[in-house]
Peer 1: 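Before I ask anything, here is the structure I am working with.
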Amino acid sequence: MPELPEVEVLVRHLAPLLKNKTIQHVHINRERVLAGTPPQKLRKALRGATFESLARRGKYLRFELRAANQAVTLPLLGHLGMTGRMYLLPSNSPLPKHAAVVLDLGSENFVFEDTRYFGKFTLDTTALDELGPEPLGPEFTPENLTSALKRSSQPIKVKLLDQCVVAGVGNIYASEALFLACISPSRQSNTLRLPQVHRLCGAIKKVLVEAINRGSTVPLNLSGNGTRDGLFYYGSAPGASASLEERLRVYDREGKPCFTCGTPILRVIQAARSTFYCPQCQRAARASSEVKHRSRKSLA
DNA sequence: CACCATGTTCCTTG
DNA sequence: CCAAGGAACATGGT
C-alpha cells in the first residue's frame, strides 16, 4: 500500500501525462470505491471534463478537472488503499481484472486498478478536512507534534498512523522513523519529551524524503504490466530494483541484525499491525513503576 | 489450510 | 461523550 512517498512519486509522474486530456467516457466497475458518490453523478461530472492539475495531500491524490466551457474546476479525490494503482494504458490494451474505474481519454485509458478495492475515487473531498499537517510542510514542527501527542496514552507507533497527527505516514515509515529517532514503538505518546519529539520530527522527514528520492519503496509498476517498460514504468529502472531489505532499516527485517548494533530486529503486533524495531537502539524509557520503586527504596 | 499484506472505518467496550 | 482495541472490508501471495 502506497504511503506518502509512493503517492508523491505517482503524482509527479501522472500530472504532466494527464494535463489537458479530456475524458470521453467513464466506466465504473466497482461502486464501492466511489465512497458514496452516486455513479451517475460521477459520470455526469467527469464526461467531457479536462484534467487541469494533480496534487498530493497525505496519501490522497487530488485531481482538478474543468468541465467544458466552465469557469470553475471540480475536485476529484483518489486514494490507493492497500493495493491501488493508477496508470495510463493504450486503448487497445486489455484492462486488468480489478479495474475499479476506467476513464477513456480517447487514444488511451486512465485506469484505477485496485485488487482489494480498499481505495477511493470520489467527488467527496471531506476526508481532506480531517488530515493533520503535511510532514514535509511548514506546519509540521516539534511544537505542533508535541501538542498533537500530549493527550494520548496510545503507543507512539500507533499514534503515528493516525492521519490527524501527521498526514501520510503509514506502517512502514512509522517503524522506520522511530528507529532513526531511537524511540521505542511502545512508548506512550504523551510521555515523549521535546528533544525526542524533535528527533522524531526530523526522522519522519528524513525517511520520507529518502524514499521519495529513491523513487518508491516497493517498485511501482506504473505501466500496469510488469513485463512492459516504457514511459510509465518505474520498477525496472536500473538501480530501482533493490529489495525492501536494502532500502529499509527495520521494516520486514525480523530476526536480522540491526544495521547499527547487530541485535536481532524484533516484530511485535500493535493495533493489529506489525511493528519492527531494534530492542537495543530503541530501548523503552525506564518504566514509571521502576522509578517509584527506587524512590520508595530511598525513602526507606 | 494457515498466516500475512504499504489502509481506513465501523463497532464494541470500558 | 471519549479513548482504545479489534474486526471488517476483499483479494492474493507464501
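Just so you know, these numbers come straight off a predicted model, no measurement behind them. First the proteins, then the strands, lettered A, B, ... as listed; each starts at 1.
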Peer 1: Provide, to the nearest angstrom, the distance between the CD atom belonging to Gln163(A) and the P atom belonging to dT9(B).
Peer 2: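 My rounded result for the distance is 9 Å.
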
Peer 1: Extract from the structure each pairing of a protein N or O with an N or O of nucleotides 12-14 of chain C at less than 3.5 Å, listing the distance.
Peer 2:
| from | atom 1 | to | atom 2 | distance (Å) |
| --- | --- | --- | --- | --- |
| dG12(C) | OP1 | Lys97(A) | NZ | 3.1 |
| dG12(C) | OP1 | His98(A) | NE2 | 2.7 |

Peer 1: Starting at atom CD of Gln270(A), determine the distance to atom C1' of dA4(C), rounded to an integer number of angstrom.
Peer 2: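 After rounding, the reported distance stands at 13 Å.
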
Peer 1: If you find the nucleotide of DNA chain B closest to Arg116(A) and the one closest to Ala127(A), which residue's nucleotide is nearer the 5' end?
Peer 2: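 Result of the comparison: Arg116(A).
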
Peer 1: Counting just side-chain N and O atoms, does Lys120(A) come under 4.0 Å of either OP1 or OP2 of dT9(B)?
Peer 2: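 Negative; the distance criterion is not met.
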
Peer 1: Find the distance between CG (Leu160(A)) and CG (Leu145(A)) and round it off to the nearest 0.5 Å.
Peer 2: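 Taking CG in Leu160(A) and CG in Leu145(A), the distance rounds to 7.5 Å.
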
Peer 1: Rounded to whole angstroms, how far apart are CZ on Arg273(A) and C1' on dC4(B)?
Peer 2: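 It is 11 Å, rounded to the nearest whole Å.
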
Peer 1: Taking atom P of dA5(B) as reference, at what distance in whole Å does atom CD of Glu254(A) sit?
Peer 2: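 Value for this atom pair: 10 Å.
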
Peer 1: Short question: side chain of Lys59(A), backbone of Glu3(A) - any donor-acceptor pair under 3.5 Å?
Peer 2: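 Answer holds: no.
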
Peer 1: Test salt bridge (charged side-chain N to carboxylate O under 4.0 Å, His left out) on Glu64(A) and Arg62(A) and set out the steps.
Peer 2: CA-CA 7 Å; Glu64(A) 292 256 359; Arg62(A) 191 179 187 280; 2.5 Å; yes

Peer 1: Classify the side-chain pair Ser91(A)/Ser107(A) by whether it contains a donor and acceptor separated by less than 3.5 Å.
Peer 2: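 The criterion, which ignores hydrogens and geometry beyond distance, is not satisfied for Ser107(A) and Ser91(A).
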
Peer 1: What does the list of N/O pairs under 3.5 Å between the protein and nucleotides 1-3 of chain B look like, with a distance for each?
Peer 2:
none

Peer 1: According to the 5.5 Å centroid and 30° plane-angle thresholds, does Phe118(A) stack upon the nucleobase of dC9(C)?
Peer 2: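 It does: the ring sits over the base of dC9(C).
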
Peer 1: Taking CG from Leu80(A) and P from dT8(B), how many angstroms apart are they, rounded to a whole number?
Peer 2: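 The distance from CG of Leu80(A) to P of dT8(B) comes to 10 Å, rounded to the nearest Å.
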
Peer 1: Please give the distance between the C1' atoms of dC1(C) and dT8(B) as a whole number of Å.
Peer 2: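 The answer is 22 Å between these two C1' atoms.
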
Peer 1: So, OP1 or OP2 of dA3(C): does either fall under 4.0 Å of a side-chain N or O from Gln154(A)?
Peer 2: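 No, because none of the side-chain N or O atoms of Gln154(A) sits under 4.0 Å from OP1 or OP2 of dA3(C).
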
Peer 1: Parallel, tilted or perpendicular: which one describes the rings of Phe112(A) and Phe121(A), with boundaries at 30° and 60°?
Peer 2: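 It falls in the parallel class, under 30°.
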
Peer 1: In this structure, how many angstroms lie between the C1' atom of dT9(B) and the OH atom of Tyr60(A), rounded?
Peer 2: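 Going from Tyr60(A) (OH) to dT9(B) (C1'), I get 10 Å.
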
Peer 1: Rounded to the nearest Å, what distance is computed from the CD atom of residue Glu130(A) to the P atom of nucleotide dC10(B)?
Peer 2: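 Nearest whole value for this atom pair: 11 Å.
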
Peer 1: Once you round it to whole Å, what is the distance between P of dA7(C) and CD1 of Ile269(A)?
Peer 2: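 These atoms are roughly 12 Å apart.
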
Peer 1: When you compare the side chains of Arg66(A) and Thr73(A), does any donor N or O come within less than 3.5 Å of an acceptor on the partner?
Peer 2: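 No - no donor-acceptor pair under 3.5 Å links their side chains.
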
Peer 1: Does Thr83(A) use its side chain to pair, donor to acceptor, with the backbone of Arg116(A) at less than 3.5 Å?
Peer 2: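 Yes; at least one donor-acceptor contact below 3.5 Å.
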
Peer 1: Shared ILVMFWY cluster between Leu61(A) and Leu123(A), side chains joined below 4.5 angstrom?
Peer 2: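 Yes, one cluster joins them.
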
Peer 1: I'd like to know if the side chain of Glu8(A) reaches the main chain of Arg56(A), judged simply by a donor and an acceptor atom lying under 3.5 Å from each other, with no hydrogens or angles considered.
Peer 2: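 Side chain of Glu8(A) to backbone of Arg56(A): no pair is present.
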
Peer 1: Does Ser274(A) place a side-chain N or O at less than 4.0 Å from the phosphate oxygens OP1/OP2 of dA5(B)?
Peer 2: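 Result: yes.
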
Peer 1: For nucleotides dA5(B) and dA4(C), find the distance between their C1' atoms and express it as a whole number of Å.
Peer 2: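 Roughly 23 Å separates the two C1' atoms.
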
Peer 1: Under a cut-off of 3.5 Å for both distances of each Watson-Crick or G-U pair, what dot-bracket string does DNA chain C give, using [ ] for crossing pairs and | for inter-strand pairs?
Peer 2: .||||||||.||||

Peer 1: Okay, side chain of Arg32(A), backbone of Tyr117(A): is any donor-acceptor separation there less than 3.5 Å?
Peer 2: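 Side chain of Arg32(A) to backbone of Tyr117(A), a donor-acceptor pair under 3.5 Å: yes, one is there.
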
Peer 1: Measuring from the side chain of Ser153(A) (C-beta onward, heavy atoms only), which nucleotide among dT8(B), dC4(B), dA4(C) has the closest atom?
Peer 2: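 The answer is dA4(C).
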
Peer 1: OP1 or OP2 of dT11(C) versus the side-chain N and O atoms of Arg30(A): is any pair under 4.0 Å?
Peer 2: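 Answer is yes, contact under 4.0 Å.
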
Peer 1: Answer with base, sugar-phosphate or nothing: what part of the nucleic acid does Arg32(A) contact at a heavy-atom distance below 4.0 Å?
Peer 2: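 It contacts sugar-phosphate atoms only.
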
Peer 1: Between Phe179(A) and Tyr277(A) (judged by ring centroids, cut-off 6.0 Å), do the two rings come close enough to count as a pair?
Peer 2: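 No, the ring of Phe179(A) stays outside the 6.0 Å limit from the ring of Tyr277(A), centre to centre.
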
Peer 1: Does a donor on one side chain and an acceptor on the other come within less than 3.5 Å for Thr122(A) and Thr37(A)?
Peer 2: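 Yes.
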
Peer 1: Is the shortest side-chain heavy-atom distance between Val33(A) and Lys120(A) below 4.5 Å?
Peer 2: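 Answer no - side chains too far apart.
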
Peer 1: Say we look at dT9(B) and dG12(C): how far apart would their C1' atoms be, to the nearest angstrom?
Peer 2: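 Roughly 22 Å separates the two C1' atoms.
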
